[in-house]
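When a residue number appears, it is its place in the shown sequence, counting from 1. Excluded from the calculations below are hydrogen atoms, water molecules and symmetry mates; all remaining heavy atoms, backbone and side chain alike, are included.
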Amino acid sequence: MYWLHQGALYIHIVLGCIALVLFWLPVCAAKGSRLHNQSGKVYAYVMYAVAGSGLFCCALVLLDPLGARNIDTLSTAEELRRYLQVNHRMAWFLSMLSILVWVSVYHGRRVLVAKEQRSLLRTPAHLGLIAALAVCACYTFYLGWQQQQVLLLAFSVLSMVIAVTMAHYIYRPSLRPRSWVIEHLSAMLGSGIGVYTAFGAFGGRRLFNAVLGSDAQLIGWLLPTLVGSAGLMYAAQHYRRRYGV
C-alpha cells in the first residue's frame, strides 16, 4: 500500500508542476486562437490527472491510514487515536480540493461547449460532480468545526459557494448573452488558483516557514487563494466590459 501511495503521490506532484506552467499558455494566448484552444485542452487533461491522482492518494489513506504512510505502530493508544483523527480529517479535506479542481475544469469545458444552451449542462455526470463537491464540502466543514480548524472551515465554505454558484448558473431562468464566456473564464482560472494554492501550501511551505514562522502553513494556503481570487475578479470585470455582459 505504501509504494502504491508513493507512486501515485509522485505522479501527482510531477503533473502538478506541469500544470503550473501549462496554466499560463491559454491565459496569455489570444482568446479563441488555436494556441488558446489546444493548450487549454492539454491543460484540462493534465488537471484531470492531477485531481484523479490526488483523489486516489486520499482514498488509500482513508482505506489504510497506517499502511499508506508505512507506519507499523505508534507508541501509545492516544498517539494512534490522534494520528488516525488527523489523517482522516486531512484526507477528506484534500479529497474535497481534488473534487473542486476536477469540477472546475469539467464545468469550464462543458460551459464552453454548451454556450447559450445550458440544458446541455443538466446531465447526471455534471450535476453529480457538483453534488459530490457540495456533500464533501459539508462533511469537511463538520470535521473542521469539530476541531475549530480555520483552514478546513474556510475552504469548505468556499467549495460550497462554488458548488451553489455553478448550480445557479445551470438553472438560472435567464442570463445575459455571452455570460458563458465569464463562466468559462471563472471556472478555468479557479482551477489554476487551486494548483498555485497547493504549491504555496506544500512546495512553498519551507520558504514561508523561514520568513513567517508558525503562521506559515495557514498563509501558504490562503495567500495564493486571496491573490488569485482578486486576479479572477479583475479578469471577469475586464471581459464583462469587453463583451458587454
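- Put simply, the side chain of Gln85 reaches to within 4.5 Å of the side chain of Gln147, judged on heavy atoms.
- With rounding to the nearest 0.5 Å, the separation of CG in Leu112 from CG in Asn37 is 7.5 Å.
- Summarising the geometry, atom CG belonging to Leu121 is positioned 9.0 Å from atom OH belonging to Tyr106; distances are rounded to the nearest 0.5 Å.
- A pairwise comparison of heavy atoms in Gly16 and Val195 identifies O-CG1, 3.8 Å as the closest pair.
- Contact detail for Arg109 and Gly40: the closest heavy-atom pair is NH1-O, 4.3 Å.
- A search for side chain to side chain donor-acceptor pair (under 3.5 Å) contacts involving His12 returns Ser53, not counting sequence neighbours.
- Counting all heavy atoms, side chain and backbone alike, Leu153 lies closest to Gly144 at CD2-C, 3.8 Å.
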side-chain contact (heavy atoms from CB on, under 4.5 Å) between Tyr142 and Tyr139, worked out: CA-CA 5 Å; Tyr142 165 73; Tyr139 185 61; 3.9 Å; yes
Step-by-step side-chain contact (heavy atoms from CB on, under 4.5 Å) determination, Met47 to Val101: CA-CA 7 Å; Met47 287 297 285; Val101 167; 3.2 Å; yes
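- Separating the CG atom in Leu100 from the OG atom in Ser156 is a distance of 11.5 Å, to the nearest 0.5 Å.
- Between the side chain of Ser191 and the main chain of Met188, a donor-acceptor pair closer than 3.5 Å is present.
- Hydrophobic clustering places Leu25 together with Val46 (ILVMFWY residues linked when any side-chain heavy atoms are closer than 4.5 Å, directly or through intermediates).
- Counting only distance, with no hydrogens or angles, the side chain of Glu116 and the backbone of Arg178 share a donor-acceptor pair below 3.5 Å.
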Working for side-chain contact (heavy atoms from CB on, under 4.5 Å), residues Phe23 and Leu189: CA-CA 8 Å; Phe23 169 75; Leu189 289 182; 3.7 Å; yes
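- Note on ring orientation: taking the six-membered ring where Trp is involved, the planes of Tyr48 and Tyr45 are tilted (angle from 30° to 60°).
- Within 6.0 Å of NZ on Lys115 lie more than 12 heavy atoms contributed by other residues, nucleotides or ligands.
- Summarising the geometry of Thr123 relative to Leu120, their closest heavy-atom pair is CG2-O, 3.3 Å, with the distance given to 0.1 Å.
- Leu55 and Leu62 fall within a single hydrophobic cluster, where Ile, Leu, Val, Met, Phe, Trp and Tyr side chains are chained together by heavy-atom contacts under 4.5 Å.
- With rounding to the nearest 0.5 angstrom, the CG atom of Leu152 is 8.5 Å from the CG atom of Leu94.
- Note on Val111: it clusters hydrophobically with Val27, by side-chain heavy-atom contacts below 4.5 Å among ILVMFWY residues.
- Under a hydrophobic clustering in which Ile, Leu, Val, Met, Phe, Trp and Tyr are joined whenever their side-chain heavy atoms come within less than 4.5 Å, directly or via other members, Val61 and Phe155 fall into different clusters.
- Residue His36 comes nearest to Pro26 through the heavy atom pair ND1-O, 2.7 Å, listed as atom of the first residue, atom of the second, then distance.
- Separation of atoms CG (Asn87) and SG (Cys58) is listed at 10.5 Å; rounding is to 0.5 Å.
- Within a 6.0 Å radius of CD in Gln148, more than 12 heavy atoms belonging to other residues, nucleotides or ligands are found.
- Note on Tyr196 and Leu22: same hydrophobic cluster, where clusters join Ile, Leu, Val, Met, Phe, Trp and Tyr whose side-chain heavy atoms are under 4.5 Å apart, directly or indirectly.
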Check against side-chain contact (heavy atoms from CB on, under 4.5 Å), Phe56 and Leu4: CA-CA 10 Å; Phe56 184 71; Leu4 187 60; 3.9 Å; yes
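- Put simply, the side chain of Leu143 reaches to within 4.5 Å of the side chain of His88, judged on heavy atoms.
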Could you pull out every donor-acceptor pair under 3.5 Å between side chains of residues 161-173 and any protein atom, sequence neighbours left out?
residue	atom	partner	partner atom	Å
Thr165	OG1	Val161	O	2.7
Arg172	NE	Ser174	O	3.4

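- Heavy-atom contacts from other residues, nucleotides or ligands closer than 6.0 Å to CH2 of Trp92 number 12 or fewer.
- The CG atom of Leu20 sits 9.0 Å away from atom OH of Tyr43, with the distance rounded to the nearest 0.5 Å.
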